Every structure is written in structure tokens, then in C-alpha cells.
Asks: 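Please see the structure below; I have some questions.
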Amino acid sequence: MAEYYGVRHLSPACAFYVREFLDRTQPDIVLIEGPSDLSGMINPLCDEKVKLPSAILAYTETAPVYTIMYPMAEFSPEYQAMKWAVEKGVPVEFCDLPSECLLYREDDENVHETSKGESVYEKLEKVSGFDNDTFWEYNFEYNQNYEDFMRSLEEYGKSIREFSESDERNELREAYMRKRITESEKQYGKTAVITGAFHTFGIKDKPFSKEDEKLLKKIKKTKGKATLMPYSYFRLSSRSGYGAGNKAPAYYETIWKNRLNNTIENCSAEYLAGIAEYQREHGFSASSAEVIEGLRLAETLSAMNGSKMPALSDLRDSAVTCLGHGSFSEISLACADVEIGTKIGELPQGTVCTSVQDDFMRQLKELKLERFRTAVTQEIELDLRENLRVKSEKSAFLDLNRSFFINRLKVAGVNFGTQMYRSQDNATWAEKWELRWSPETEIEIVEASLNGDTVEQSARTVLNMKLSGAETLSKTAETLSLAFKCGMSDCVRSASTAVQTMASECSSVTEIGKTIGELSSIVRFGNIRRIDPAPVIPLIQQLFLKFCLQLNTASVCDRNASSEIVKAIAVVSDSVNANDFLESEKFVSVLSELADS
């Protein structure tokens, strides 16, 4: 026997009532929509040390990397169902297609399928006159009676199914779900099934059939791996482009907390008070009277639309009117803070993850960069010189090692830091970075694991690939410069050899000029990165001599080529001025000869 509960993802009401549903049902096993081969992730995700939002990420083992994401917040009904099962000691498993099937892509298949025609939600908006979220909040989110909620939810699910078009992929998924339900009933007995409302009425009371067996033979797979990862409220919000997102996760957390405290009527006041608090903290006026008037206006708007409590759209309108004085731009940042927030999840050490993730977290701690693991961009200034005021070598070169780490991440394709320009450009010992963590950063770290088990190994693999794929002298020199910035002496040696080999064969003045500039910047830093740049100096001298010998001949060219040569001359001129080992008299002589010709 199976009992079904259709949900709206990231709905506090669904999350609240799913626990009552399970209490009343008392199942022998709980099945939840999600990749069936990743059921082993459920217990780690429910660990008390895990801070939500967090997500299960599955990804392909080989490039191009495809991913599927299952983010969870405290108010996710699927998460609350998992927690209930873990707390009660009831088996809990996922029941959707395995991740290796969901990750599979045909060569010509788009990752995101485009919908055909008008969606059921667009139709609903036309009929009701409300956007989909407002309609949900008016009719479901604030419902405080379990029986009423369940009846309404069932009708909602049926209607969504009736007026939606299914496709082959959904039919395949639902056939697999029916298979898992049948297996669970035989093995355990009473089964509770928690899926999206759309799927619920595609599987409810429909036994696994021979047609389903035939359909499942069409399953195609690809090799994949999975990990847990921290997530953020911004990424969870629909504004980031996440399809099944929630437009206001921070506000919905407010609804969830009030649900738990049986104070659902406080949500509106807390929202408006939050806007006012943000405004005051940032130097704007926001009086208590404006908050009270905003609350009255929101309640009036909701009453006009037949609801007992204001929807978020009502609260936003009243906030703009009373606290923004008619201008949304005046409270836009406050709205973003109260509605979306900056919350980021956290996973304890030892949680299932890739080796590169482990290495990333370990180095964040060792380099004292943990405070930068936030969705808010923060600046950090680094002094690459040895700190003589401390005792240990580790502390003496802390900023240098930070620079190595951030540069290695950048080379490995992980966008954790962006280097900023400094006003003191001649201060070769100083760096300024903007650091910001996002769930995309975590995905990039997972992708980096394809190239090595640590950040350093991944960066080394990428540098070697750049080196082998470099078709020009200047590109090879850029790789050499990156190796210096990453503090990877073995890659520096390999790149230096490659530059020397290509330099002997290069006849392009513009390429030679670019390379001189790139190599000159390496020498300018001296041994600040604890790698001796002296072997690069003879290489620059060799290229400088070649540039001087070929400049006159190369200057007999068309207008397009001449502009590139002028740029090369400017770069070489800067290098001559910066380095005493280059003959400035010879360079001036060559330029004079060129001017006279």
C-alpha cells in the first residue's frame, strides 16, 4: 500500500504539513523524488552539523561536465521528509531515475529543453489574474488547517497535471518511480511517496506495468559522481536563473520559522520591520509609523484580493509606497536583503565530497581565508614580502601562500578571486584581490577534480595543457608567467624551455614584443615569489636582440600590421626602461634608424 504527498518545492507550508502527513501515515519506508542511486547522501545531508542551504550535486566524470543539482533549505518539504524518517529510524530512499541516467546527454541535445507553447503556470496567471507565486501564497502558503490544505493541494496537483503536457523524459521517470514504489511495497510494506505535485498524479494508484518495463529499456546512462556542496540563498532564488527556485528564500525562511512557532500572522510585520531596519542601518529614514502604515496597506491589499494574509507582492507594494516613498530604487537593496538574503550553507569536515573540495576547505582554514567564504564580495590586500616580525616560516609567508592559492584556483578554472589594480603599480610586493564564494564556485571546484586531486595538481594539469596547446610564442610566455604567479617551479622550468624553443623559430616582431613584455614582468617581481627569475634574463636579452634586428624589415607593412608593431615597440620600450640589462642605447639607435627611413 502506498500513500502519496505531492509538493511544491521550497514551500514552507508543504514542508510543515509533510511531517503531519508522515505522522498520520506511519509508513514503513519513505520514498522521495531524487536520483535513486544517491540515497546514500540522505543521512550525511541530515547530519546536525550541516547548515542549510546545501545541495546534492551529481556530475559527469569526463568533459564536457554536465551537472544536476538538488538544493535543500530548511523549508524544503523533501528535506523535512528526510529528517522525519531519519529521526524515526524509518528507511528513506530516493525513487527517481539514477543520476547516471539523468546526466546522460545526446551529442545534439541541449542541457535545457525549451518548452513548447504556453505553460500551465502562464495559463493559471491569465485565469487568476495573479502571478503564480502570489496565487500560491493566497491559497496555500498561509493555510492553517491540515485537512483543508491536503484537499486543496490534491486539487491543485490534479489541475496542474490535467493542463500540462508530459514528455518522453517525464514518462520514463514516472515509469521508474512506479517500479521503485512496487519494489518498496513488496520489501517493506506501507510506503509514503513524496514527489512534486505534477508527478504525484502521474504515479498515484498506477501499478508498474509491462508498458513501463518496455519504456525502461530505453534508458541510457553515462558515468557520473556525486557530492554534497554548500549552497546559497541567492543561487536558490529564481533571480539567479535556477528553474525550480524560490523568489524570496530569506522571507520564506521567516514564514517557516513562524510556522514552527505558530505565529504565522507575524510574517508581514517582520518583513516590513526588516526593511525599516536595513534602511536605518544604511543611513536612510524609516519610522515606526511608516512600518505600521505599510502593514495596514498590505492587509488592505490582500483583503481586496480575497486573502486573509498579505502575499509577498502585497508587502512589496506597501513597502515601496510607505517606506520607499513611491520609489522602489530607494528600498531595492533592503528588499534584496529581506527577501533573498546572503545566507550560505556549510558542511562539516569529512562530509562526502571530492578530494579537491577537501583540499580547498583545508587551505581556506590554513591560510585564514574562511571569512571570505561568503556571497558578499570582500577585498583583501596581500604583502608578498617575508614578515620578519613572526617566528614561524608559515606565518612569515602567509600572504605569499595566499597569493599562490588564489592564483592556482584561477588557473584551475575556479573563480574565487579577481585581482584588482592598485594605485601603486610599482609596488611589486603588493596585490589586491576581491574574493567572493558562490555555488558556481563549488561547481567549478568539482569540475577541477577532473584534472587532479588537489588545487595544486589541478592547476599543474591545466598549465601543462596550456603549454602543449600554445601555438604562439606569446601564449607560451603567458603560461610561464602564470606558473610564476602560482609558485610552481616545475611548471616554470617546463615553460621556460618551451619559450626558448619557440623563440629560436619565431620571426614575428609583434609576437617577440609581447613576449618580452610578459617575461619582463616576471623579472620585475624579482624573487619575491621565492623562484629565481635569473634564468629568464638571458632569454629576454636574446629576444630583445632579435627584435632590434628584425624591426626595420617588419616595419615595411600595411596599416593594420603597423598598429600592432607600434604596440610591440611600446611594450619593448617599457621593458627597456624597467630593466638595466637591456641596452637602451641600441634600442634608441634602432628607433632613430626607423624614423629616418
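In this text, all values refer to a predicted model and were calculated from it rather than measured experimentally.
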Asks: Can you confirm whether the side chains of Ser520 and Asn579 place a donor and an acceptor under 3.5 Å from each other?
Replies: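 Yes, Asn579 and Ser520 have a side-chain donor paired with an acceptor closer than 3.5 Å.
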Asks: Just to verify, what does Lys49 make a salt bridge (charged side-chain N to carboxylate O under 4.0 Å, His left out) with, not counting sequence neighbours?
Replies: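 Result, salt bridge (charged side-chain N to carboxylate O under 4.0 Å, His left out) vs Lys49: none returned.
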Asks: Strictly below 4.0 Å, N to O, side chains only: are Lys223 and Glu100 in salt-bridge contact?
Replies: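 Not counted as a salt bridge, because no side-chain N and carboxylate O are separated by less than 4.0 Å.
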Asks: Who passes salt bridge (charged side-chain N to carboxylate O under 4.0 Å, His left out) against Arg173, sequence neighbours left out?
Replies: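 Applying salt bridge (charged side-chain N to carboxylate O under 4.0 Å, His left out) to Arg173 gives Glu33, Asp96.
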Asks: If every non-hydrogen atom of Ala81 is compared with every non-hydrogen atom of Ile194, which pair is closest and at what distance?
Replies: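 Closest approach of Ala81 to Ile194, heavy atoms only: CB-CG1, 4.1 Å.
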Asks: Distance alone, cut at 3.5 Å: any donor-acceptor contact between the side chains of Glu434 and Thr418?
Replies: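 Distance-only check fails for Glu434 and Thr418.
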Asks: Distance check, rounded to the nearest 0.5 Å: Glu393 atom CD versus Asn401 atom CG?
Replies: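 If I round to the nearest 0.5 Å, the distance is 8.5 Å.
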Asks: Taking it one step at a time, do Arg169 and Asp167 satisfy salt bridge (Lys or Arg N to Asp or Glu O under 4.0 Å)?
Replies: CA-CA 6 Å; Arg169 191 170 184 82; Asp167 55 32; over 6 Å; no
Asks: Flag the pair Glu518 and Lys514 as a salt bridge only when some basic side-chain nitrogen lies within less than 4.0 angstrom of an acidic carboxylate oxygen.
Replies: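 No, Glu518 and Lys514 are not salt-bridged.
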Asks: State whether a side-chain donor-acceptor pair under 3.5 Å links Arg105 with Thr222.
Replies: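 Result is no, nothing qualifies.
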Asks: Given salt bridge (Lys or Arg N to Asp or Glu O under 4.0 Å), test Glu379 with Lys432 step by step and report yes or no.
Replies: CA-CA 7 Å; Glu379 290 185 1; Lys432 185 177 181 180; 3.5 Å; yes
Asks: Looking at every heavy atom in both Ala459 and Val411, which two are closest together, and how far apart are they?
Replies: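 Taking Ala459 first and Val411 second, the nearest heavy atoms are O-CG1, 3.7 Å.
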Asks: Given the side-chain rings of Phe416 and Phe372, with only the six-membered ring counted for Trp, is the space between their centroids under 6.0 Å?
Replies: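 Distance test on ring centres: not under 6.0 Å, no.
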Asks: State, without any angle test, whether Asn451 and Gln457 hold a side-chain donor-acceptor pair at a distance under 3.5 Å.
Replies: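 No, no side-chain donor-acceptor contact under 3.5 Å.
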Asks: Can you tell me how far the CG atom of Leu10 sits from the CD atom of Glu253, to the nearest 0.5 Å?
Replies: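 Those atoms lie 12.0 Å apart.
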Asks: Show the numbers, then the answer: is there a side chain to side chain contact (heavy atoms under 4.5 Å, CB included) between Tyr176 and Leu216?
Replies: CA-CA 7 Å; Tyr176 191 86; Leu216 292 180; 3.9 Å; yes
Asks: Is it true that the side chains of Ser332 and Ser329 contain a donor and an acceptor less than 3.5 Å apart?
Replies: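 Note: Ser332 and Ser329 side chains miss the donor-acceptor criterion.
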Asks: Please report the closest heavy-atom contact between Ala568 and Val509, naming both atoms and the distance.
Replies: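 Closest approach of Ala568 to Val509: CB-O, 4.2 Å.
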Asks: Do the side-chain N and O atoms of Thr227 and Gln357 include a donor-acceptor pair separated by under 3.5 angstrom?
Replies: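 A donor-acceptor contact under 3.5 Å links the two side chains.
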Asks: Under a 3.5 Å threshold, yes or no: a donor from one side chain and an acceptor from the other, between Ser494 and Asp490?
Replies: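 Checked: Ser494/Asp490 side chains show no N/O donor-acceptor pair below 3.5 Å.
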Asks: With sequence neighbours left out, write down each residue that passes side-chain contact (heavy atoms from CB on, under 4.5 Å) with Pro12, or none if nothing qualifies.
Replies: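 Expected list: Phe75, Glu141, Tyr252, Ile255, Trp256.
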Asks: Could you grab the distance from atom OG of Ser76 to atom NE2 of His9, nearest 0.5 Å is fine?
Replies: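 Output value for this atom pair is 9.5 Å.
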Asks: So which heavy atom on Val86 is nearest to which on Val92, and how close?
Replies: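 Reported closest heavy-atom pair: CG2-CG1, 4.5 Å.
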Asks: Any idea which heavy atoms bring Cys101 and Ile219 closest together, and the distance?
Replies: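 Minimum heavy-atom contact is SG-CG2, 3.2 Å.
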Asks: Just verifying a value: how many Å separate Leu57 CG and Met69 CE, rounded to the nearest 0.5 Å?
Replies: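 Answer rounded to 0.5 Å: 5.0 Å.
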Asks: Could you check whether any side-chain heavy atom of Arg436 comes within less than 4.5 Å of a side-chain heavy atom of Ser438, counting everything from C-beta outward?
Replies: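 Yes. Closest side-chain heavy atoms under 4.5 Å.
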Asks: Got a sec: does the NZ of Lys546 have more than 12 other heavy atoms crowding it under 6.0 Å?
Replies: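 For Lys546, atom NZ is crowded (more than 12 foreign heavy atoms under 6.0 Å).
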Asks: When you check the side-chain N and O atoms of Tyr70 and Glu78, is any donor under 3.5 Å from an acceptor?
Replies: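 Short answer, no.
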Asks: Checking side-chain polar atoms at under 3.5 Å, does Asn560 have a donor or acceptor matched by the opposite partner on Glu564?
Replies: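 No, no side-chain donor-acceptor contact under 3.5 Å.
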Asks: Which heavy atom in Ala58 sits nearest to a heavy atom in Leu103, and how many Å separate them?
Replies: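 Closest heavy-atom pair between Ala58 and Leu103: O-CD2, 3.7 Å.
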Asks: As an exercise, state the distance from CG of Leu473 to CD of Gln500, rounded to the nearest 0.5 Å.
Replies: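 Rounded to the nearest 0.5 Å, the CG-CD separation comes out at 11.0 Å.
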Asks: Could you walk me through whether Glu370 and Lys365 pass salt bridge (Lys or Arg N to Asp or Glu O under 4.0 Å), step by step?
Replies: CA-CA 6 Å; Glu370 289 177 298; Lys365 187 174 183 180; 5.8 Å; no
Asks: Looking at Leu539, Asp574, Val572, which hits side chain to side chain contact (heavy atoms under 4.5 Å, CB included) with Ile516?
Replies: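 The passing option is Val572.
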